[in-house]
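The block underneath contains the structure these notes are about, expressed in structure tokens.
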Amino acid sequence: MKISAFEFDIQKDKYQNLEIINNKLSNTNTEDIADLIVLPELSSNGYLFESRDEIKKISESIENGIFINNLSEISKKYNTSIIAGFAEKFKDKIYNSAVIIEKGNIIGVYRKIHLSDFEKRFFDAGDINNADLIFNINGINISVQICFDLWFNEISRKQILNGSNLICVLANFGSNTTFEIARIRSIENLTPLVLCNRIGIEKNSIMEASFMGKSFICDETGKLLTSINDNQKNKIITSELKIKSKRENIICSDFIGEIKRHYK
């Protein structure tokens with residue numbers, strides 16, 4: 001399976017972000033477009049908000065949102081699957097979510113479970129009972145996490161026990177800690193992982209945030225297959241991943257069996 005991470009400088013305007021995404025794909029050779037493209041956390045409108053009222057105005061539902069509908073068209077146009085972060089409006093809740101789109105069809109949504117103290121001012125936490133959601137893309141079972149979710153290894157464990165063979169992480173972080181944790185999650189679960197983190201600086205009247213990028217794709221040993229190590233904006237990385245259904249290494253032929261011993 002060919003996987004990409006598109007690390008870009010997210011703007012406050014969803015139309016600008018859609019243009020950035022579409023332009024990147026339109027300038028990519030058709031044969032180089034991956035089966036699955038992972039975008040950063042909150043790709044729709046950025047990260048810094050001044051009030052919950054502000055985010056209510058720009059959030060959108062999965063069924064009829066401007067960002068989601070246009071992203072679905074982009075996915076269909078380029079015959080690819082896309083996972084992207086967005087601010088989701090659902091009933092009276094606002095979630096920091098990821099939409100999963102397969103060749104133009106919306107197949108699901110994942111809602112961030114673990115929110116930072118800053119995010120709790122604006123978002124509602126996703127249901128922890130849905131941490132193990134699995135989405136099938138091109139016959140591959142994938143799971144999704146959003147940034148701070150990585151800090152809780154229980155989520156990754158639930159996901160691989162539910163059948164995930166690839167972990168896709170969308171992020172907005174500015175220090176190395178989450179970067180390092182992501183590789184650990186791959187290593188300790190013998191599972192390939194793609195991390196797409198945002199790049200750039202965002203400001204509002206309250207604060208300024210700097211996002212470091214460093215997106216990567218690694219195999220089940222945590223070995224980096226490709227990564228971004230500079231501050232170049234709007235950069236895409238791609239790697240061919242061999243997805244293995246069985247978890248094993250030189251010291252253990254049934255890794256899942258060993259994990260299950262902790263859940264009896």
Side-chain angles (χ1 to χ4, degrees), residues 3-28 34 37-51 54-55 57-60 65-68 70-71 74 82-88 94-99 112 115-119 121-123 144-151 168-183 193-217 224 226-238:
I3 312 290
S4 287
F6 179 34
E7 176 181 300
F8 69 100
D9 186 10
I10 299 169
Q11 305 300 303
K12 297 296 290 184
D13 184 280
K14 62 184 67 178
Y15 291 103
Q16 291 184 43
N17 295 321
L18 287 164
E19 184 177 4
I20 290 169
I21 296 163
N22 187 59
N23 285 346
K24 174 58 71 173
L25 292 177
S26 68
N27 289 309
T28 302
I37 302 169
V38 181
L39 305 179
E41 176 182 6
L42 291 171
S43 292
S44 57
N45 293 89
Y47 184 79
L48 295 185
F49 302 96
E50 303 200 16
S51 68
E54 179 189 0
I55 199 167
K57 292 176 182 177
I58 60 93
S59 61
E60 56 184 60
I66 294 169
F67 183 77
I68 301 300
N70 279 272
L71 203 61
I74 290 172
I82 296 174
I83 302 176
F86 75 110
E88 182 194 9
I94 304 293
Y95 295 107
N96 181 339
S97 297
V99 62
K112 188 173 184 176
L115 304 173
S116 69
D117 289 347
F118 174 76
E119 292 164 355
R121 304 181 197 176
F122 314 107
F123 295 103
V144 178
Q145 297 182 38
I146 302 177
C147 208
F148 193 38
D149 287 340
L150 274 174
W151 288 51
C168 299
V169 181
L170 297 70
N172 276 187
F173 61 79
S175 69
N176 268 318
T177 308
T178 303
F179 172 87
E180 299 294 346
I181 289 173
R183 287 194 62 235
L193 185 147
V194 52
L195 168 72
C196 188
N197 186 40
R198 177 184 173 180
I199 191 73
I201 296 173
E202 185 175 337
K203 303 177 183 179
N204 67 7
S205 65
I206 300 173
M207 63 186 296
E208 175 179 310
S210 178
F211 304 96
M212 68 185 298
K214 296 187 71 171
S215 300
F216 69 78
I217 301 170
L224 296 185
T226 182
S227 60
I228 300 175
N229 298 310
D230 54 37
N231 291 321
Q232 182 180 342
K233 295 179 179 179
N234 303 347
K235 192 169 184 178
I236 196 166
I237 51 173
T238 303

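Computed from a predicted structure; not experimentally measured. Just so you know, residue 1 is the first one in the sequence shown, and it goes up from there. Any value given below was found using the heavy atoms of this structure, including those in side chains, with hydrogens, waters and symmetry copies removed.
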For E202, all residues meeting side chain to side chain donor-acceptor pair (under 3.5 Å), sequence neighbours excluded: K12, R198
Heavy-atom pair with the smallest gap, counting every atom of I217 and A5: CD1-N, 4.4 Å
Heavy-atom donor-acceptor pair, N172 side chain to E41 backbone, under 3.5 Å: yes
Heavy-atom closest pair, residues K14 and I58: NZ-O, 3.0 Å
Crowding at CD, E19 (>12 non-hydrogen neighbours, <6.0 Å): no
Note, L115 side chain near F148 side chain (heavy atom, < 4.5 Å): no
Reported SG-to-CD1 distance for the pair C168 and I3, which is rounded to 0.5 angstrom: 6.5 Å
Gap between atom CD1 of I10 and atom CG of L39 - 0.5 Å precision: 8.5 Å
Least distance between heavy atoms, C147 atom then V169 atom: N-CG1, 4.1 Å
Side chain to side chain, K112 and L170, heavy atoms closer than 4.5 Å: no
Polar side-chain atom of K24 near backbone of N234 as donor-acceptor pair, under 3.5 Å: yes
Minimum side-chain heavy-atom gap F67-V99 below 4.5 Å: no
Contact summary for I94 and S59, nearest pair of heavy atoms: CD1-OG, 3.4 Å
Point-to-point distance, once rounded to the nearest 0.5 Å, from CG of N17 to CZ of F8: 5.0 Å
E7 side chain to S215 backbone, donor-acceptor under 3.5 Å: yes
Straight-line distance of N204 CG to E54 CD, nearest 0.5 Å: 7.5 Å
With Y47, the ring-ring contact (aromatic ring centres under 6.0 Å, His included) member among F118, F86, F123, F173: F118
M207 and L48: CA distance, side-chain angles, deciding distance, side-chain contact (heavy atoms from CB on, under 4.5 Å) verdict: CA-CA 8 Å; M207 63 186 296; L48 295 185; 3.9 Å; yes
Minimum-distance pair of heavy atoms, taken over all atoms of A182 and L150: CB-CD1, 3.7 Å
Close side-chain approach of I21 to I37, heavy-atom, < 4.5 Å: no
Atom of S4, atom of T238 and distance for their closest heavy-atom approach: OG-OG1, 2.5 Å
Euclidean distance, D9 CG relative to F211 CZ, rounded to 0.5 Å: 9.5 Å
Any I66 side-chain heavy atom under 4.5 Å of Y15 side chain: yes
Spatial distance of atom CG (L18) from atom OG (S44) [nearest 0.5 Å]: 9.0 Å
